[in-house]
Amino acid sequence: MTSAANGPASGARAAHPDHLGHVIFITAAAAMGGFLFGYDSSVINGAVEAIRDRYDVGSGTLAQVIAIALIGCAIGAATAGRIADRIGRIRCMQIASVLFAASAVGSALPFSLWDLALWRIIGGFAIGMASVIGPAYIAEVSPPAYRGRLGSFQQAAIVVGIAVSQLVNYAILQLADGDQRGDIMGLEAWQWMLGVEVVPAVLYGLLSFAIPESPRFLISVGKKERARQILEEVEGKGVDLDARVAEIETAMHREHKSSFRDLLGGRFGFLPIVWVGIGLSLFQQLVGINVAFYYSATLWQSVGINPTNSFFYSFTTSIINIIGTVIAMVLVDRVGRRPLVLIGSTGMAIALAVEAWAFSADLVDGKLPGTEGVVALIAAHTFVLFFALSWGVVVWVFLGEMFPNRIRAAALGVAASAQWIANWSITASFPSLADWNLSGTYMIYTGFALLSIPFVLKFVKETKGKTLEEMG
């Protein structure tokens with residue numbers, strides 16, 4: 001079915017959809033899960049100090065409440081692939097939308113701290129599902145020639161979700177006269193910040209009814225005619241649809257519902273390709289990127305910036321995140337995946353080292369000295385820019401396309417679960433590490449950025465331009 005010289009017999013590599021706008025709509029609708037992923041992950045940034053004050057908790061307990069959602073994320077990511085293989089990608093999206101909505105309402109109206117933590121776990125489960133289903137679905141409905149750009153919609157949606165959450169938090173803070181616990185229509189400001197998420201959650205659920213099921217899932221359950229129709233919609237009439245269905249069937253011939261057992265093999269438990277996916281996920285988080293989105297307001301306040309300005313800097317960081325993501329979307333199919341992550345690792349390492357230097361200065365009247373304060377802000381924004389134009393986008397593209405068909409859903413679930421565990425370790429440890437030594441904490445993140453360079457050079461293969469059926 002495939003030759004080295006000509007590629008797939010169906011002509012899938014050169015496929016161009018007749019209505020690209022329709023494919024973009026499908027991708028954008030699926031990426032709403034990414035929007036909620038970003039929104040839910042970052043919205044807590046605006047409530048951290050209010051939760052600390054309302055429930056009178058220390059840094060350790062506060063960190064666990066903030067980070068506990070990531071336990072739900074890991075569970076959701078680990079199970080989503082199996083669920084998706086049983087009931088389909090679209091049903092998974094609909095379940096996630098319900099969980100997002102329930103978590104938003106519950107988090108806004110908690111009875112106690114443990115109650116808030118429970119709702120955050122439920123929201124985390126939804127984030128974990130969205131982190132797996134979004135890239136897998138988008139990869140499966142995207143023509144190979146556009147897959148990198150369309151795959152980057154997931155990260156674009158995540159960073160837009162982060163930015164919108166910070167903008168909403170800032171607007172609500174203004175309505176409450178700068179007080180996170182200020183009263184707005186009978187609720188405290190931070191409760192509104194968490195509750196507004198119900199709006200995009202409902203929209204995600206509605207959009208899931210407007211997009212088709214993955215053709216690969218349909219073929220796996222014997223619905224070949226419907227799969228042909230969807231392939232024609234997304235890859236165009238110029239593709240030999242019978243040959244295309246046959247290619248997918250051939251690639252799935254030995255495939256059964258992917259499970260954890262399918263990932264085992266090799267000398268170290270998992271198959272080597274699974275370890276590469278896990279490594280990419282770990283490095284994406286261990287550079288400390290989510291400190292910028294979970295704790296940035298608290299971080300800037302800790303070095304003397306007032307609450308209103310700290311919220312503003314959180315928002316500008318999110319805008320830089322969007323700019324970097326757009327750069328990656330433009331370049332990912334032109335320069336390839338590996339060059340982007342190598343550039344990103346180098347830029348992140350330099351920016352993190354500069355932040356570590358700035359935070360090593362002694363505070364004067366509770367503030368960083370003028371030079372160090374400016375340098376810290378510039379370096380923080382530079383770090384986010386290099387992350388966004390590289391690891392932020394490219395890891396999701398890699399995870400959506402690097403695994404063989406027969407293990408894709410399960411392998412993506414394990415890799416995403418590892419990502420959430422790493423995210424939890426960074427999120428839960430940051431307040432205590434910052435109390436110990438803020439500069440030292442950033443040197444640790446610098447070390448991981450440096451280690452990611454030899455990892456990519458040795459273990460990560462380029463996937464640009466290949467069909468999913470060529471991945472093993």
So, does [X] use its side chain to make a donor-acceptor pair with the main chain of [Y] at under 3.5 Å?
| X | Y | answer |
| --- | --- | --- |
| Ser425 | Ala422 | yes |
| Ser41 | Phe37 | yes |
| Ser107 | Leu194 | no |
| Arg337 | Val332 | yes |
| Trp391 | Val341 | yes |
| Arg89 | Ala84 | yes |

Do you see a donor-acceptor pair shorter than 3.5 Å between the side chains of Ser42 and Gln166?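 Looking only at side-chain atoms, Gln166 and Ser42 do form a donor-acceptor pair, the distance falling under 3.5 Å.
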Do Ser165 and Asn169 have side-chain atoms, one donor and one acceptor, less than 3.5 Å apart?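 No, no side-chain donor-acceptor pair sits under 3.5 Å.
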Do [X] and [Y] have side-chain heavy atoms sitting under 4.5 Å apart?
| X | Y | result |
| --- | --- | --- |
| Val43 | Val168 | no |
| Ile44 | Val65 | no |
| Met93 | Ile211 | yes |
| Ile421 | Leu70 | no |
| Arg228 | Pro215 | no |
| Ile122 | Phe100 | no |
| Gln94 | Ile90 | yes |
| Leu282 | Gln419 | no |

Run the side-chain contact (heavy atoms from CB on, under 4.5 Å) test on Ile162 and Asn321 for me, step by step, so that the C-alpha distance in whole Å, both residues' side-chain angles and the decisive distance to 0.1 Å come before the verdict. CA-CA 9 Å; Ile162 291 170; Asn321 200 12; 3.9 Å; yes
Rounded to the nearest 0.5 Å, what's the gap from [atom1] on [X] to [atom2] on [Y]? Could you check?
| X | Y | atom1 | atom2 | result |
| --- | --- | --- | --- | --- |
| Cys92 | Arg82 | SG | CZ | 12.5 Å |
| Ile322 | Ile327 | CD1 | CD1 | 12.5 Å |
| Leu113 | Gln64 | CG | CD | 11.0 Å |
| Glu225 | Ile230 | CD | CD1 | 10.5 Å |
| Trp424 | Asn290 | CH2 | CG | 14.5 Å |
| Ile66 | Asn45 | CD1 | CG | 9.0 Å |

Can you name the residues that form a ring-ring contact (aromatic ring centres under 6.0 Å, His included) with Tyr170, not counting sequence neighbours?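 If we apply the ring-ring contact (aromatic ring centres under 6.0 Å, His included) test to Tyr170, skipping adjacent residues, there are no hits.
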Please enumerate all residues that pass ring-ring contact (aromatic ring centres under 6.0 Å, His included) together with Phe25, with sequence neighbours excluded. none
Contact summary for [X] and [Y], nearest pair of heavy atoms:
| X | Y | value |
| --- | --- | --- |
| Ala292 | Val384 | CB-CG2, 4.2 Å |
| Ala156 | Met329 | CB-SD, 3.6 Å |
| Gln154 | Gly134 | OE1-CA, 3.7 Å |
| Pro200 | Phe35 | CB-CE2, 3.6 Å |
| Glu355 | Ala379 | CG-CB, 3.5 Å |
| Ala415 | Leu399 | CB-CD2, 3.9 Å |

Determine, stepwise, if the pair Phe386 / Ile350 fulfils side-chain contact (heavy atoms from CB on, under 4.5 Å). CA-CA 10 Å; Phe386 274 99; Ile350 294 170; over 6 Å; no
Should we say atom CZ of Arg91 is surrounded by more than 12 heavy atoms from elsewhere, each under 6.0 Å from it? no
If you apply the rule side-chain contact (heavy atoms from CB on, under 4.5 Å), what do you find for Tyr445 with Ile426, and how did you get there? CA-CA 10 Å; Tyr445 302 154; Ile426 293 296; 3.8 Å; yes
Per the side chain to side chain contact (heavy atoms under 4.5 Å, CB included) rule, which among Val23, Ile26, Thr27 passes with Ile138?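 Filter result, single survivor: Thr27.
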Run the side-chain contact (heavy atoms from CB on, under 4.5 Å) test against Leu433 and tell me which residues pass, sequence neighbours left out. Ser429, Trp436, Thr441
Run the numbers on Leu109 and Trp119 for side-chain contact (heavy atoms from CB on, under 4.5 Å), then give the verdict. CA-CA 10 Å; Leu109 303 170; Trp119 288 114; over 6 Å; no
State which residue, out of Lys224, Arg244, Arg216, fulfils the side chain to side chain donor-acceptor pair (under 3.5 Å) condition with Glu249. Lys224
Basic-acidic side-chain contact under 4.0 Å: Lys223, Glu213: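 The answer is no: the pair does not qualify as a salt bridge.
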Distance-only donor-acceptor hits, side chain of residues 446-453, under 3.5 Å, sequence neighbours excluded:
{"from": "Thr446", "atom 1": "OG1", "to": "Ala353", "atom 2": "N", "distance (Å)": "3.3"}
{"from": "Thr446", "atom 1": "OG1", "to": "Tyr442", "atom 2": "O", "distance (Å)": "2.8"}
{"from": "Ser452", "atom 1": "OG", "to": "Ser345", "atom 2": "OG", "distance (Å)": "2.7"}
{"from": "Ser452", "atom 1": "OG", "to": "Ala449", "atom 2": "O", "distance (Å)": "2.6"}

Please list, chain by chain and in numerical order, all residues satisfying salt bridge (charged side-chain N to carboxylate O under 4.0 Å, His left out) with Arg338, sequence neighbours excluded. none
With sequence neighbours excluded, tell me which residues meet salt bridge (charged side-chain N to carboxylate O under 4.0 Å, His left out) with Arg120.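 Arg120 satisfies salt bridge (charged side-chain N to carboxylate O under 4.0 Å, His left out) with no residue once adjacent residues are dropped.
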